[in-house]
Protein chains: 2
Amino acid sequence: MSPETAKSLETKTKLLDGALRTLTEQGIAKTSARTVAAAAGVNQALVFYHFGSVDELLAAACRYGAERTVARYRPRLAAVTSLSELLTVGREIHEQERAGGHVALLGQLLAGAQTHETLGPATAAGLDLWIVEIEKVLTRVLAATPLGEFAGPAGLARAVAASFVGIELYEGVDATGATAALDALEQLGFVIGALEQLGPVAQRAVRHHLRRTSRR
Amino acid sequence: MSPETAKSLETKTKLLDGALRTLTEQGIAKTSARTVAAAAGVNQALVFYHFGSVDELLAAACRYGAERTVARYRPRLAAVTSLSELLTVGREIHEQERAGGHVALLGQLLAGAQTHETLGPATAAGLDLWIVEIEKVLTRVLAATPLGEFAGPAGLARAVAASFVGIELYEGVDATGATAALDALEQLGFVIGALEQLGPVAQRAVRHHLRRTSRR
DNA sequence: GTCTATACATGGATAGAC
DNA sequence: GTCTATCCATGTATAGAC
């Protein structure tokens with residue numbers, strides 16, 4: 001791994017951007033030192049000089065890309081105060097990131113992580129950046145809701161993040177199906193939101209029912 | 001594409017099984033005519049003789065594998081009559097298929113479908129086998145629930161299928177995180193289930209709230 | 001320290017042997 | 001009709017030029 005001179009940094013950045021472009025446009029199966037270097041406009045061997053191996057480049061690109069994308073939405077997520085507002089922001093993120101493919105990218109890396117050992121931890125870390133933000137919002141938003149008590153924001157945040165990745169991959173093969181899925185989840189969110197609006201008697205009924213049937 | 005003599009069929013079957021094994025064990029990135037043929041125990045060139053190209057073999061393997069796996073759970077899903085029962089069956093499917101990797105396989109194919117043109121429709125078709133079954137169950141189970149009215153089983157089924165794939169991929173890089181996610185979704189299901197148990201007054205309140213805030 | 005030329009491995013596809 | 005030997009493209013990695 002090379003030191004941080006100005007020239008080195010420039011080439012590294014080119015390679016990182018090239019890796020992200022290649023992963024989103026061609027997928028993990030077509031991502032190689034050659035294809036990435038071509039996208040970056042540099043010699044193929046520089047991948048190995050600057051990052052040691054293709055996998056390590058992809059791992060670095062994952063951290064780099066995920067941090068950059070999450071940073072873009074951190075302030076907006078921090079401002080969310082209700083579940084329906086969260087759903088709106090979620091839909092917004094989907095619309096904006098679909099074009100750039102920044103979410104499907106995590107899907108490509110998750111698929112690749114199956115074999116490429118070094119990729120697993122890096123991808124988990126990239127997803128965690130999203131999970132941390134989602135969990136913070138859910139903790140705030142679901143505090144008063146039966147969900148906050150029974151499901152727990154930590155698990156829900158992981159479910160939301162992983163599901164999002166799955167739907168984003170699904171969109172690649174069936175765009176209208178993916179839209180239907182997102183619409184349904186939005187409505188599901190409204191139904192959960194409706195629980196907050198119930199009177200105290202009904203809320204107690206729900207909680208009582210949950211305490212009886214819940215398994216944990 | 002070769003005709004259906006006994007010997008041809010045998011080689012084809014070997015290749016299909018080899019493709020499934022390679023995809024689940026090595027991932028889409030390491031899946032090639034050579035690796036698949038090695039897993040199948042046949043000469044590499046037979047991929048091209050029997051299926052024309054690697055992509056077409058993978059597409060065929062997707063149909064083959066998905067049909068076989070879905071068939072295994074079709075009767076059990078058909079017997080489901082409540083949401084909580086559906087959740088139990090879902091968890092069962094997860095436990096049983098995790099070992100074989102039959103769900104993550106769809107993730108690998110979704111990742112690969114990004115570029116391999118022929119793979120997209122085949123993967124969508126494979127996912128649809130699951131979606132059809134899930135949708136039938138949801139239609140039955142959610143008929144009486146606000147979700148049936150507002151979200152619609154078609155969209156929900158697609159959301160469930162895609163989310164499952166995402167979580168299954170996520171499990172590859174963070175097993176405990178994936179378990180937390182599944183637990184949370186199970187609890188979410190119980191909360192939805194609790195809505196069914198509400199008295200008519202509370203049910204009307206929920207529906208009224210939804211009609212006001214719903215966007216469609 | 002940075003990068004290019006080059007060696008060696010793996011993958012895709014076909015001409016022709018059986 | 002079924003399969004093998006072989007060719008060329010692509011991928012990984014390094015020795016050595018600048």
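- Each side-chain hydrogen bond (donor to acceptor under 3.5 Å, both in side chains) pair with one or both residues in residues 27-39 of chain B, not counting sequence neighbours, appears once here: B/Ser32-B/Thr35.
- When side chains are defined from C-beta on, B/Val165 does not count as touching B/Tyr170, because their heavy atoms never get closer than 4.5 Å.
- Side chain of A/Arg63 to backbone of A/Leu58: no donor-acceptor contact under 3.5 angstrom is found.
- The distance between atom CD of B/Glu10 and atom C1' of D/dT2, rounded to the nearest whole Å, is 12 Å.
- Ion pairing between a basic and an acidic side chain is recognised when a charged N comes within 4.0 Å of a carboxylate O; A/Asp17 and A/Lys12 show no such pairing.
- Neither side chain, A/Thr88 nor A/Glu85, offers a donor N or O lying under 3.5 Å from an acceptor on the other.
- Distances shown here put a side-chain N or O of B/Thr5 below 4.0 Å from the OP1 or OP2 atom of D/dT2.
- A close approach under 4.0 Å does not occur between any side-chain nitrogen or oxygen of B/His50 and OP1 or OP2 of D/dG1.
- In terms of modelled atom types and a separation under 3.5 Å, the side chain of B/Arg158 and the main chain of B/Pro153 share no donor-acceptor contact.
- Here the C1' atom of nucleotide C/dT2 and the CZ atom of A/Phe51 are 14 Å apart, to the nearest Å.
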Protein-to-nucleotide contact annotation, 5' to 3' order, nucleotides 6-18 of chain C [B base; S sugar-phosphate only; - none; under 4.0 Å, heavy atom]: B----BBBB----
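- The distance between atom CG of B/Leu9 and atom C1' of D/dG1, rounded to the nearest whole Å, is 15 Å.
- If you take NZ of A/Lys12 and C1' of C/dT2, they are 12 Å apart, rounded to a whole angstrom.
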